[in-house]
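Just so it is clear: chains get the letters A, B, ... in the order the sequence lines come, proteins before strands, and each one is counted from 1.
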Number of protein chains: 2
Amino acid sequence: MSTRRETVRQALTGSTGFRSAQDLYADLRAEGSKIGLTTVYRALQALSDSGEVDVLRTDDGEAVYRACDSEQHHHHLVCRKCSTAVEIEGPAVEKWAAEVGAKHGFTGVTHTVEVFGTCGDCSKA
Amino acid sequence: MSTRRETVRQALTGSTGFRSAQDLYADLRAEGSKIGLTTVYRALQALSDSGEVDVLRTDDGEAVYRACDSEQHHHHLVCRKCSTAVEIEGPAVEKWAAEVGAKHGFTGVTHTVEVFGTCGDCSKA
DNA sequence: GGAGAAAATGAAAATGATTGTCAAAAAAGA
DNA sequence: TCTTTTTTGACAATCATTTTCATTTTCTCC
Ligand SMILES: [Zn+2]
Ligand SMILES: [Zn+2]
Ligand SMILES: [Zn+2]
Ligand SMILES: [Zn+2]
């Protein structure tokens, strides 16, 4: 249990939205940490592999991470402006995805589902 | 109506799966075209902007494109191995996404939904 | 058809996120 | 403490994508 990995985890937990590796690195450095960029990437990789954090890609392909409350399978409602996210569930979607996959003879069916919009706070500005 | 853009469009139409810019460029050069990589990128950008082709991101962040039959909003069932894709629809998902967005006070709600798996042909190998 | 303006093209350089390398520093074990 | 293993971080290398910019190809008007 490296302390670095813990540092990154906490930096993520401190945010309600999705954050990029570069973002987190800048924040950590700004608050005095001597952590290296490579280490931030490695920590996020590990956290992501172990399922402790969720990852998604922004429109321009950048990977962003989030330490979600739920350990179970879920999806996100993400604000386009501030990147704040709400964890959401959709049983109907789960079933639909599995069925449509099976219907076309696909195996090992998985899915990615993300909902985007502008959150209440950002809508006012 | 540049002939280059048409060339790229046809290269895409010739494939049933999602293709990357680099892929298409390699193919076009292989078949004798003198097209430049920059032009392929520009053509795909334009086709994507005008909604003529669909775009999605692979796990490693690479953008891949597809010239779909349907002009209407739809989603895809994509093979993880060969990238072949089937156009699918899910009215229930559309409604669910809009509702969950509204319920949390989000405006301008959109969504991305993709289903992945191994297609029948690839499953045999 | 031809001259000049405007748009399209592509080679090469620049960008920017992510990954690889490798030697130093820290942690774990004996 | 001494040795071995793991973690770390500066730096270089990758690689898709974007910018630049000069050249070529269209368009427009005569
Ligand atoms: Zn999540
Ligand atoms: Zn799901
Ligand atoms: Zn499509
Ligand atoms: Zn939809």
Whole-Å distance separating the [atom1] atom of [X] from the [atom2] atom of [N]:
X: A:Arg4; N: D:dA10; atom1: CZ; atom2: C1'; value: 14 Å
X: A:Tyr65; N: C:dA17; atom1: OH; atom2: P; value: 13 Å
X: A:Glu62; N: C:dT19; atom1: CD; atom2: C1'; value: 15 Å
X: B:Leu37; N: D:dT19; atom1: CG; atom2: P; value: 14 Å
X: A:Asp60; N: D:dT18; atom1: CG; atom2: P; value: 9 Å
X: B:Arg5; N: C:dA8; atom1: CZ; atom2: C1'; value: 12 Å
X: A:Ile35; N: D:dG9; atom1: CD1; atom2: P; value: 6 Å
X: A:Asp49; N: C:dT19; atom1: CG; atom2: P; value: 11 Å

Minimum-distance nucleotide (side-chain atoms of [X] versus [options]):
X: A:Ala63; options: D:dA10, C:dT19, C:dT18; answer: C:dT18
X: B:Thr38; options: D:dT17, D:dG9, C:dG10; answer: C:dG10
X: B:Gln22; options: D:dG9, C:dT19, D:dA16; answer: D:dA16

Aromatic plane relationship, B:His73 with B:His111 - under 30° parallel, 30 to 60° tilted, over 60° perpendicular: perpendicular

Double-helix bend of the helix from C:dG1-D:dC30 to C:dA30-D:dT1, axes at both ends from 5 pairs, round to 10°, gives 30°

Tell me if the CD atom of B:Glu94 is crowded by more than 12 foreign heavy atoms within 6.0 Å. yes

- [ ] Look at the side-chain N and O atoms of B:Arg57 and state whether any lies under 4.0 Å from the OP1 or OP2 oxygen of D:dA16.
- [x] no

Handout entry: Short side-chain N/O contact from A:Tyr41 to OP1 or OP2 of C:dT18, under 4.0 Å
Key = yes

Quick note, salt bridge (charged side-chain N to carboxylate O under 4.0 Å, His left out) partners involving residues 14-38 of chain A, not counting sequence neighbours, are A:Arg19-A:Asp23, A:Arg19-A:Asp27

Residues passing the side-chain contact (heavy atoms from CB on, under 4.5 Å) test with B:Val109, sequence neighbours excluded, are A:Val115, B:Phe106

**Asked** Under the 3.5 Å rule, do the base of D:dG9 and the side chain of A:Arg42 count as making a donor-acceptor pair?
**Response** yes

When B:Lys34 and A:Val64 are each assigned the nearest nucleotide of DNA chain C, the 5'-most assignment goes to B:Lys34

B:Ile88 backbone acceptor or donor facing B:His74 side chain under 3.5 Å:
no

